[in-house]
Amino acid sequence: MKRKPKIISSDATVPKKHHWAMGLLVSMEDPQYKVKEDDKVTVIKDKYPKAQYHYLVIPKADIPSLWHIKKENEDLLIHMHCVAEDLTRQHKESEFLYVSQVVTVILFYVVILFYFSIGYHAVPSMQRLHLHVISTDFNSPCLKTKYHWNSFTTPFFLHSADICNQLREKGELKKLKSEESAQHLNTALKCHKCPTTPKNMPDLKRHLLAHFTGRNNPFDP
DNA sequence: GTTCTAGAAC
DNA sequence: GTTCTAGAAC
């Protein structure tokens, strides 16, 4: 049987080497963005951080996205989660040196629960699996669109702990329907900390800044 | 993923 | 008139 001729370069579905979707692979090699690495993962700063702290934990293995993850990658996802938790610990532990170890551990989980989100986008734009580690101040000039906001604060954001549990319990990850993901991104704006529903992005950003500047102790909502 | 900008919304 | 959103980008 005769083969169909290969489409060579003009096929837009195959990202070229310097296509924007390949940006993470470039950043992984750039000392300006690289934070740390081990034998399995590289941690970089997000080039356009959507909060005060925004890192990406990226496997060195060529895994295109979360939807290519199989049961045998479970250890990798758990490792990525541990690396992510370590990053959040680094930010706060200096402030906790004065308290006992037990209290430090408790505060660490408070920090993770209230001040950092660790997870994956349901529909990633960039090539190569990447785990977002982002502080929930969302105080950044790069946070501009409703899409940005909803990608971190709706079920479009798949929490790493949930993903790890799902893989352990079911042996596979269930992909969100694309209409469902689109719906989450188009949801009306809502504050992640209180019932406020800002009317537009500038309104949301003013509201977030009020939370951010009014936050004088770690238990203030 | 971002940038740019037309035109909608105010 | 100005602010804001949303769609094209070869």
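Chain letters run A, B, ... following the sequence lines, proteins first, then strands; residues in each count from 1.
Around NZ of A/K71, the count of heavy atoms belonging to other residues, nucleotides or ligands within 6.0 Å exceeds 12.
Put simply, CD1 on A/I58 is 12 Å from P on B/dG1, counting in whole angstrom units. Summarising the geometry, the separation between NZ on A/K45 and C1' on B/dG1 is reported as 19 Å, rounded to the nearest angstrom. Here the C1' atom of nucleotide C/dC4 and the CH2 atom of A/W149 are 18 Å apart, to the nearest Å. To the nearest angstrom, C1' of C/dC10 lies 18 Å from NE2 of A/H18. Between the NZ atom of A/K146 and the P atom of B/dG1 there is a distance of 17 Å, given to the nearest Å. Atom CH2 of A/W20 is separated from atom P of C/dA8 by 14 Å (rounded to the nearest Å). A/N200 has its CG atom 5 Å from the P atom of C/dT5, to the nearest Å. The NE2 atom of A/H148 sits 12 Å away from the C1' atom of C/dA6 (whole-angstrom rounding).
Judged by distance alone, with hydrogens and angles left aside, the side-chain atoms of A/K50 form no donor-acceptor pair with the main-chain N or O of A/P141 at under 3.5 Å. In terms of modelled atom types and a separation under 3.5 Å, the side chain of A/H192 and the main chain of A/T136 share a donor-acceptor contact.
Contact annotation: A/Y147 does not reach the phosphate of B/dT2 (side-chain N/O to OP1 or OP2, under 4.0 Å). Contact between the side-chain N/O atoms of A/H121 and the OP1/OP2 oxygens of B/dG1 is found at a separation under 4.0 Å.
Note on A/K144: only backbone sugar-phosphate atoms sit closer than 4.0 angstrom, heavy atoms only; bases stay farther off. Using a 4.0 Å heavy-atom criterion, one finds that A/K50 contacts the sugar-phosphate atoms exclusively.
Counting only Watson-Crick and G-U wobble pairs whose two key distances fall under 3.5 Å, DNA chain C forms stems of three or more stacked pairs at B:2-10 with C:1-9.
No side-chain heavy atom of A/L185 sits under 4.5 Å from any side-chain heavy atom of A/K146. No side-chain heavy atom of A/Y115 sits less than 4.5 Å from a side-chain heavy atom of A/S135.
Ring geometry, A/F157 versus A/H159: the interplanar angle exceeds 60°, so the pair is classed perpendicular (tilted spans 30 to 60°).
Of the residues listed (A/K45, A/K47, A/H132), the one engaging A/H54 in a side chain to side chain donor-acceptor pair (under 3.5 Å) is A/H132, and it is the only one.
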